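Nothing fancy with the numbering, it's 1 onward along the sequence. Computed from a prediction, not measured in an experiment: that's the story for all the values here.
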Amino acid sequence: TYIACNLRFLDSICYVNKYIKDKREKINEVNVYCGSYLPDWRKNCDYRNNYSAIPELGGGVHIDLIHELDYLYWMFGNPQKSHRIFSSKSSLEIKANDYANYCLEYPSFNASVVLNYFRRDAKRTMEIVFEDETLLVDLLTNSVHRDNKVIYESSQRITDTYKKQMEYFIDCVNEKKATFNTIKDAYK
């Protein structure tokens, strides 16, 4: 089995995953933020009638934007503890959760994840605060910054990751190899 979580194929996320493993310095904290404006997601469609806005249809920011939790799991494994807040209090006036906030406790650092449907100026970032430096990953520009300087960038866009992901899956099937995101992984 393979659970499709395409951000594992985004160049900047792959770069930082390798950077963390090579650096082996203490991480003090990780902050992830993903906010965008649900009414802009699907043109010519009333967002209030789409599954994202209706919990009974599987809607909610905590489900739509699960990719942020997935890449943290991929990079750092399961947290020891997790805390969460889900709500729907924005001006969108939808029944589904339009805000989610997670605090993930790892043995030597904490990770904070904020997700929302109501941010008009889209932002999708991961900040890793090491003991000696801070990395900022901008997923929308596919770039990595250290001390306000770009240290890595790629022309790949998030939409390009779907093809890369499909090639990975087809290779696993053809080679009869296990995938790196099974149903068991997704459940965790």
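Between F9 and Y71, the distance from one ring center to the other does not fall under 6.0 angstrom. When ring centroids are compared, Y99 and Y117 stay outside the 6.0 Å threshold.
With R119 contributing its side chain and D121 its backbone, the two residues share a donor-acceptor pair below 3.5 Å. In this structure, D46 contributes its side chain and R48 its backbone to a donor-acceptor pair below 3.5 Å. Side-chain atoms of D22 never come within 3.5 Å of backbone atoms of Y19 as a donor-acceptor pair (strictly under, hydrogens ignored). Between the side chain of Y168 and the backbone N or O of F180 there is at least one donor-acceptor pair closer than 3.5 Å. One N or O on the side chain of Q165 and one on the backbone of C5 form a donor-acceptor pair closer than 3.5 Å. In this structure a side-chain-to-backbone donor-acceptor pair under 3.5 Å is present from N142 to Q156. A distance-only check finds a donor-acceptor pair linking the side chain of R157 to the backbone of T141 [under 3.5 Å]. A donor-acceptor pair is defined here as one N or O able to donate and one able to accept, closer than 3.5 Å; no such pair exists between the side chain of N181 and the backbone of Y2. Within the 3.5 Å criterion, the main-chain N or O of L139 finds no donor-acceptor partner in the side chain of S12. Looking at T179, its side chain does come within 3.5 Å of a backbone N or O of T1 through a donor-acceptor pair.
In this structure, E93 places its CD atom where only 12 or fewer heavy-atom neighbours from other residues, nucleotides or ligands lie under 6.0 Å away. The local environment of NZ in K184 is sparse, with at most 12 non-hydrogen atoms from other residues, nucleotides or ligands closer than 6.0 Å. For CZ of R84, the number of neighbouring non-hydrogen atoms (other residues, nucleotides, ligands) closer than 6.0 Å is 12 at most. Within a 6.0 Å radius of NZ in K95, no more than 12 heavy atoms belonging to other residues, nucleotides or ligands are found. Annotation for E153: atom CD does not count as buried by contact number, only 12 or fewer foreign heavy atoms lying within 6.0 Å.
With respect to D11 and K164, a salt bridge is recorded, a charged nitrogen being found less than 4.0 Å from a carboxylate O.
Following chains of ILVMFWY side-chain contacts shorter than 4.5 Å, one can reach L104 starting from L135, so the two form part of one hydrophobic cluster.
No hydrogens or angles considered: nothing links the side chains of N78 and Y73 as a donor-acceptor pair under 3.5 Å.
The minimum heavy-atom distance between E25 and F130, with the atom names listed, is O-CD2, 4.0 Å. C172 approaches A178 most closely through the heavy-atom pair SG-O, 4.0 Å. Taking both residues in full, the closest heavy atoms of Y106 and G77 are given as OH-O, 3.0 Å, listed atom of the first, atom of the second, then distance. When all heavy atoms of D98 and K89 are compared, the pair lying nearest together is OD1-N, 3.5 Å. Shown here for L65 and N116, the closest heavy-atom pair between the two residues is CD1-O, 4.0 Å.
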Working for salt bridge (Lys or Arg N to Asp or Glu O under 4.0 Å), residues K177 and D171: CA-CA 8 Å; K177 296 187 300 191; D171 182 57; 2.8 Å; yes

CA sep, side-chain torsions, deciding dist, call: E133, K23, salt bridge (Lys or Arg N to Asp or Glu O under 4.0 Å): CA-CA 11 Å; E133 66 181 355; K23 185 172 175 65; 3.0 Å; yes

